[in-house]
**Student:** 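Attaching a single structure in structure tokens format; questions to follow.
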Amino acid sequence: MERYNPRKIEERWQKKWEKEKTFKVDISASKKPFYNLMMFPYPSGEGLHVGHVYAFGGSDTFGRFMSMRGFDVFEPMGFDSFGIHSENYAIKIGKHPRQLIDDTTTYFREKQMKRLGALFDWSHQVITSESNYYKWTQWIFLQLFKAGLAERKKAPVDWCPSCKTVLADEQVIAGKCERCEAQVVQKELLQWFFKITKYSEKLLKNLDWIDWSETTKSMQRNWIGRSEGTEINFPVQGRALQIKVFTTRPDTIFGATFMVLAPEHDLALKIVSANNKAKVEAYVQESKNKTEIERTQKSKEGIFTGRYCINPVTKKPIPIFVANYVLMGYGTGAIMGVPAHDSRDWDFAKGHKLEVIEVISGGNIQKEAYVGEGKLVNSGKFNGLDSVEGIRKISDYIQSNKIGKKKTNYHLRDWLISRQRYWGPPIPIIYCDNCGTVPVPEKDLPVELPYLKNFKPTGTGKAPLAQDESFIKVVCPQCGKSARRETDVSDTFLDSSWYFLRYPSAGLDELKNAGPALLPWDPRVTKKWLPVDMYIGGNEHAVLHLMYTRFITMALHDLGFINFEEPFKKFRAHGLVIHGGEKMSKSRGNVVSPNEYIDAYGADTLRMYLLFLGPYDRGGDFSDRAIAGMHRFLNRVWNLCTKVIEKNSKSSDSQLLKTLHKTTKKVEEDIENLKFNTAIASLMEFLNEMVSKEEKLNLALVKHFLHLLAPFAPHLTEELWEKTGEKDSIHKEGWPSYEKKFLEEGRVTIVIQINGKLRDTLEAHRDIKKEEAVRLAVDQAKIKSYTLNKTIKKIVWVEGKLLNLVI
RNA sequence: GCCGAGGUGGCGGAAUGGUAGACGCGCGGGUCUCAAAAACCCGUGGGGGCAACUCCAUGAGGGUUCGACUCCCUCCCUCGGCACCA
């Protein structure tokens, strides 16, 4: 008998599938394909690691299952090859990014991805750093610009001193750069933003109906951070000015004993008294130079402006301060200080010896701020109200007396997309002294990224492209006079925010032959193939890629380019493969490459081993200790099936048939729910039963079993399928159905409990009645010993399953 | 602090109201072998018992129920996310 040799058979089938285009989706078919998407990789480091195999393997197993169920599964793959991650790696190894991407995409694709045995359709490959792709990334920028959704404005932004570029809010993690973990600093700069905040409400609301992992949805809800409250105007004493504050607790306004402005607030330096001017200016300047982390120290310090404003309900003057703990980026950049009922204000008031007035009863405000609910006190005509009611009544009062209005705020900020780096699509904008900011005409796209020898970040706040005069110098497309190009490139998350729209149309002959295309996609194809049916990926992109993509899709929908506003019908987050207790990463040096495992055991074993680690949404710790166990399983499958095929036995067994159908149901339901670990376990159980009844096996049963295993182990099953004499691919065979008659057991085991504890079991026909079961049970010696001289007080009967006697 | 997911044998995990520990790893014993590896077979939560068997056990404590890993309450711990969001 031939031995299981994964290396040989996997290579053979991969070649055959590629040559015969076995899994290519027919673009002209009338049926809508099943669009099975997985997150494309950054081709930056040494290669794919087993975490990628986990992500791709799970997604592909699902795709193969859907394919067997009769769908035309479209499973594209590509490379997210623009961006800081690739550029930084190029700098590190001393290569030009262009060269790095050429080398690594080839290596990833040919030496790693093609060895996984996935359905990837490489004829639709997308590489984001190629001009035939980023031309359209620039096109999307122009559409948003024309619609007023892209805006250049001066704003305090986060600057990473190590990456030497600005970052979006989402790319700053606890005050540190998402990529290099350097502390970011605040800078006031003129930058390009996408107005994602215009979609705050829709981004939040649609979460109620899209079929996504709850964890991802909850992270997005948190990030959008909707909060309902009231905006209130406080008149400045002695000046014709008002300070606007935002609060979710208008019920506490009678306790507002001071006012605080953020250092960046434009009134801060306007209202300051002559005596305090120098000190306040110094404080504001000092804040500007601090890093995000330094600014978020717990101690509450600030400085008095020498000016007062009037609490609009008590009419009393309250002092105005400037302090770091109030952020310009949220609300109005000013707050009313209510020390009795806000712990930050409490800390601040203690440090500055300010008055603390209790207006909600229920706590001990001498000791700490009371933030809970209670009855209103010291609040004039509102005294005695419950605080929840007080919020409503006082905000009504404020609104009707025109001292403020109700307002909903969001934490979400506009998406800063400028990057002062080289490796990205140049932002397609021209600055002209006559005409101002002029978009590059669509016919002039792409704005090619020139090959810069010295591409490293400059650190001056200017992008590397700013050194290239031949790039910058341009004729204004409106007036024809000389003008200058924008030299920043766009954020890499813009590249990946629309790649799923490109895949179906990528590489299509129809597009090429239709002359100069006007759209990044063929609308007929897009209409039929999109949105994405299933998207699987890591949850680290919950508020990055996944939020940006939803925004871009909504914007393109509202501009009339596509007919759906949510990109992914279904999204499932998979867990993380960790190694040695830590997340796999190059900096930790614990990355595991799949290559050696594929060499030793084959891709089928590696894929299955990873999926068997545990629940797919939880990930697992990669230790190669147990991988041999999975290889053993596939070996046993190989040996048993080969024997049966060679013998071509005709015998059969009714119990085996039952288990086969039960297993079919179980595997089917488990794959649908991405419960790969238990699906594999039930396949193992079935194999164990088959092995123990080897002489009763027949070819039909083995063939049925191979179908169930096919989505997990595509090569092994294809090889054995061929050995049975079949000519077509097993993956083109339908998914086997299970028959109800095999699922129903004729005889069942009834559990007999005494007082809820298992004492005995009873073999009986499944239709056995309660009375009959009780009669038989109390006759059994063991039960008799319990019930002897005892009264049965209660009998609980679960049909065909359980009998509980309470004595 | 807030939001989310968890806590079950030596380990990864299974069981979402009905026989706790499926399946796999590891470990122990055996068959085969000159020997080893591989393969195969048996055993494997803890305590007690020669045994039939029995008691204990799903982070801790309480509750609901004939019956709780599963539902409810209080608390502890771990992981992930956010974090001076007013």
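Residue numbers begin at 1 in each chain, while the letters A, B, ... track the order of the sequences. Treat the numbers as computed from the prediction; the structure is a model and nothing was measured. Keep in mind that the numbers below use all heavy atoms, side chains included, and drop hydrogens, waters and symmetry copies.
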**Student:** Rounding to a whole Å, what distance do you find between A:His411:NE2 and B:rG81:C1'?
**Tutor:** 12 Å
**Student:** With a 4.0 Å cut-off on heavy atoms, is A:Val260 in touch with a base, just the backbone sugar-phosphate, or nothing at all?
**Tutor:**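 No contact at all - A:Val260 keeps every heavy atom at 4.0 Å or more from the nucleic acid.
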**Student:** Mind checking if A:Arg759 touches a base, just sugar-phosphate, or nothing, with heavy atoms under 4.0 Å?
**Tutor:** sugar-phosphate
**Student:** Measuring from the side chain of A:Trp223 (C-beta onward, heavy atoms only), which nucleotide among B:rG18, B:rC66, B:rC82 has the closest atom?
**Tutor:**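 Taking heavy atoms from C-beta onward, the closest nucleotide is B:rC82.
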**Student:** Looking at A:Lys757, does any N or O in its side chain come under 4.0 Å of the phosphate oxygens OP1/OP2 on B:rC56?
**Tutor:**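 Yes, such a contact exists.
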**Student:** Salt bridge or not between A:Asp211 and A:Arg572? Use side-chain N to carboxylate O under 4.0 Å.
**Tutor:**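 Yes, charged N to carboxylate O under 4.0 Å.
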**Student:** Are any side-chain N or O atoms of A:Thr257 and backbone N or O atoms of A:Glu355, one a donor and one an acceptor, separated by less than 3.5 Å?
**Tutor:**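 Looks like yes, one N/O pair under 3.5 Å.
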**Student:** Between A:Tyr330 and B:rA86, is there a side-chain N or O to OP1/OP2 distance below 4.0 Å?
**Tutor:** yes
**Student:** Heavy atoms under 4.0 Å, any strand shown: does A:Leu613 hit a base, just sugar-phosphate, or nothing?
**Tutor:**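 Sugar-phosphate: the residue A:Leu613, judged by heavy atoms under 4.0 Å, touches backbone atoms but no base.
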**Student:** Could you work out, with side-chain hydrogen bond (donor to acceptor under 3.5 Å, both in side chains) as the rule, every residue matching A:Asp414, not counting sequence neighbours?
**Tutor:** A:Lys153, A:Thr197
**Student:** When you compare the protein's N or O atoms with those of nucleotides 44-48 of chain B, which come within less than 3.5 Å of each other, and at what distance?
**Tutor:**
none

**Student:** If you look at every strand shown and take non-hydrogen atoms under 4.0 Å, does A:Val806 touch a base, only sugar-phosphate, or nothing?
**Tutor:**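 Result for A:Val806 = sugar-phosphate.
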**Student:** Checking one value: the base orientation of B:rG9, syn if chi is within 90 degrees of 0, otherwise anti.
**Tutor:**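 Syn, angle within 90° of zero.
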**Student:** Output a table of nitrogen or oxygen pairs between the protein and nucleotides 22-27 of chain B separated by less than 3.5 Å.
**Tutor:**
from: B:rA22; atom 1: O2'; to: A:Glu685; atom 2: OE1; distance (Å): 3.3
from: B:rA22; atom 1: O2'; to: A:Glu685; atom 2: OE2; distance (Å): 3.3
from: B:rG24; atom 1: OP1; to: A:Asn688; atom 2: ND2; distance (Å): 3.3
from: B:rC25; atom 1: OP1; to: A:Arg632; atom 2: NH1; distance (Å): 2.7

